[in-house]
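Quick notes on the structure that follows.
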Amino acid sequence: MLRLIAFVLATFVVATTAQAQTQEGTKVAELGLYYQALVVESEQPVHRGFVQGYKYWSEKSGVWGFGYGEKDYFSGVLGVYYDLFAFGEESVFEIGVAAGAEKMEDQLYNRFAGDLFIGSDNLYLDVYYENGASKEDWLQVNAVWQVKTHFGLGVLHQTLDGTGVRGVFGIPKTPLKFWVGPMFSKEGRKLLLGIDLVGSQKKGK
């Protein structure tokens with residue numbers, strides 16, 4: 001497993017160095033609202049909402065937060081991140097840690113999270129992990145390659161949902177993206193549908 005992770009990281013370092021040349025401007029803040037619908041045959045769809053954002057407070061560090069909600073459940077964390085190193089023009093390798101809480105079954109538990117991001121807007125790997133007093137861990141591994149301005153391909157893994165390939169479609173002149181991804185897990189095939197609304201602030205603006 002460690003060898004696989006090391007190989008994926010090395011591949012993204014090399015690839016993002018080339019992809020970063022197409023970036024314009026340096027982002028200093030971002031806020032995104034995300035919606036997912038999990039569709040399983042013969043079951044009602046599960047609706048989820050995410051919010052995630054970050055803001056640099058110096059050239060290499062900043063604050064970030066992540067929130068997740070669905071019926072009868074909510075979790076949220078807030079923390080700090082640091083750019084371990086930069087490569088290319090807009091690519092970074094950064095890590096983040098955060099703390100917060102989750103509410104489930106009418107009880108409140110502490111929650112801790114870590115995030116690893118490597119790449120640029122055009123090609124990146126993002127690994128997010130949560131756990132806490134409830135012992136309910138959650139892992140999301142999200143890799144995306146922005147093939148064209150309004151089309152991207154990716155691989156997504158989420159705890160309980162499985163692993164699948166995503167097609168991401170952007171709407172020209174808007175911050176909206178739609179995506180679809182068939183997921184495969186021990187429980188069988190599933191389908192994830194999503195809508196992303198992401199706004200960003202660039203340096204000097």
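Side chains included, hydrogens not; waters and symmetry mates left out as well; all remaining heavy atoms used.
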**Message:** Consider ring-ring contact (aromatic ring centres under 6.0 Å, His included). Of Y124, Y82, Y54, which one does F117 pass it with?
**Reply:** Y124

**Heavy-atom check, side chain of T163 versus side chain of L156, under 4.5 Å** = no

**Message:** Within the structure provided, determine whether D126 and V141 are in side-chain contact (heavy-atom separation under 4.5 Å).
**Reply:** no

Show the nearest heavy-atom pair for residues [X] and [Y], with the distance to one decimal.
X	Y	answer
Y109	Q107	OH-OE1, 3.2 Å
Y81	V63	CE2-O, 3.3 Å
G167	F169	O-CE1, 3.5 Å
H47	E70	O-CB, 3.4 Å
P175	L197	CG-CD1, 3.4 Å
F112	A99	CD2-CB, 3.9 Å

[X] atom [atom1]: more than 12 heavy-atom contacts under 6.0 Å:
X	atom1	answer
I95	CD1	no
E187	CD	yes
K190	NZ	yes

Honestly curious: do [X] and [Y] fall in one hydrophobic cluster under the side-chain, below-4.5 Å linking rule?
X	Y	value
L38	F74	no
L176	L193	no
L116	F85	yes
M104	F66	yes
L153	V155	no

Quick one: pull up [atom1] in [X] and [atom2] in [Y] and give me the separation to the nearest 0.5 Å.
X	Y	atom1	atom2	result
E130	Q140	CD	CD	10.0 Å
Y34	Y68	OH	OH	15.5 Å
L192	D161	CG	CG	5.0 Å
N122	E90	CG	CD	10.0 Å
M183	L160	CE	CG	10.5 Å
Y35	R48	OH	CZ	10.0 Å

Is there a donor-acceptor pair under 3.5 Å between the side chain of [X] and the backbone N or O of [Y]?
X	Y	answer
N110	A133	yes
T174	I171	yes
H157	L139	no

**Request:** Please test V51 against L31 for side chain to side chain contact (heavy atoms under 4.5 Å, CB included), starting from the C-alpha separation and ending with a verdict.
**Result:** CA-CA 8 Å; V51 59; L31 179 63; 4.0 Å; yes

**Asked** Ring centres of F87 and F93 under 6.0 Å apart?
**Response** no

**Message:** Apply side chain to side chain contact (heavy atoms under 4.5 Å, CB included) to residues L123 and V144 and explain how you reach the verdict.
**Reply:** CA-CA 6 Å; L123 182 65; V144 174; over 6 Å; no

**Request:** Can you label the angle between the Y128 ring and the W64 ring as parallel, tilted or perpendicular, going by 30° and 60°?
**Result:** perpendicular

**Prompt:** With no hydrogens and no angle check, do the side chains of N131 and Y129 hold a donor and an acceptor under 3.5 Å apart?
**Reply:** yes

**Asked** Side-chain donor-acceptor pair under 3.5 Å between Q36 and Q158, yes or no?
**Response** yes

**Message:** If you apply the rule salt bridge (charged side-chain N to carboxylate O under 4.0 Å, His left out), what do you find for D72 with K103, and how did you get there?
**Reply:** CA-CA 8 Å; D72 300 323; K103 184 178 180 182; over 6 Å; no

**Item:** Candidate pair W179 and D196, rule side chain to side chain donor-acceptor pair (under 3.5 Å), full reasoning
**Value:** CA-CA 8 Å; W179 57 268; D196 301 348; 3.2 Å; yes

**Request:** Kindly indicate, with the supporting measurements, whether the criterion side chain to side chain contact (heavy atoms under 4.5 Å, CB included) is fulfilled by I118 and V127.
**Result:** CA-CA 9 Å; I118 180 170; V127 180; over 6 Å; no

**Fill in**
Residue set satisfying side-chain hydrogen bond (donor to acceptor under 3.5 Å, both in side chains) with S134, at least two apart, ordered chain then number -> E102

**Request:** Could you walk me through whether V168 and F178 pass the side chain to side chain contact (heavy atoms under 4.5 Å, CB included) test, one step at a time?
**Result:** CA-CA 6 Å; V168 184; F178 296 85; over 6 Å; no

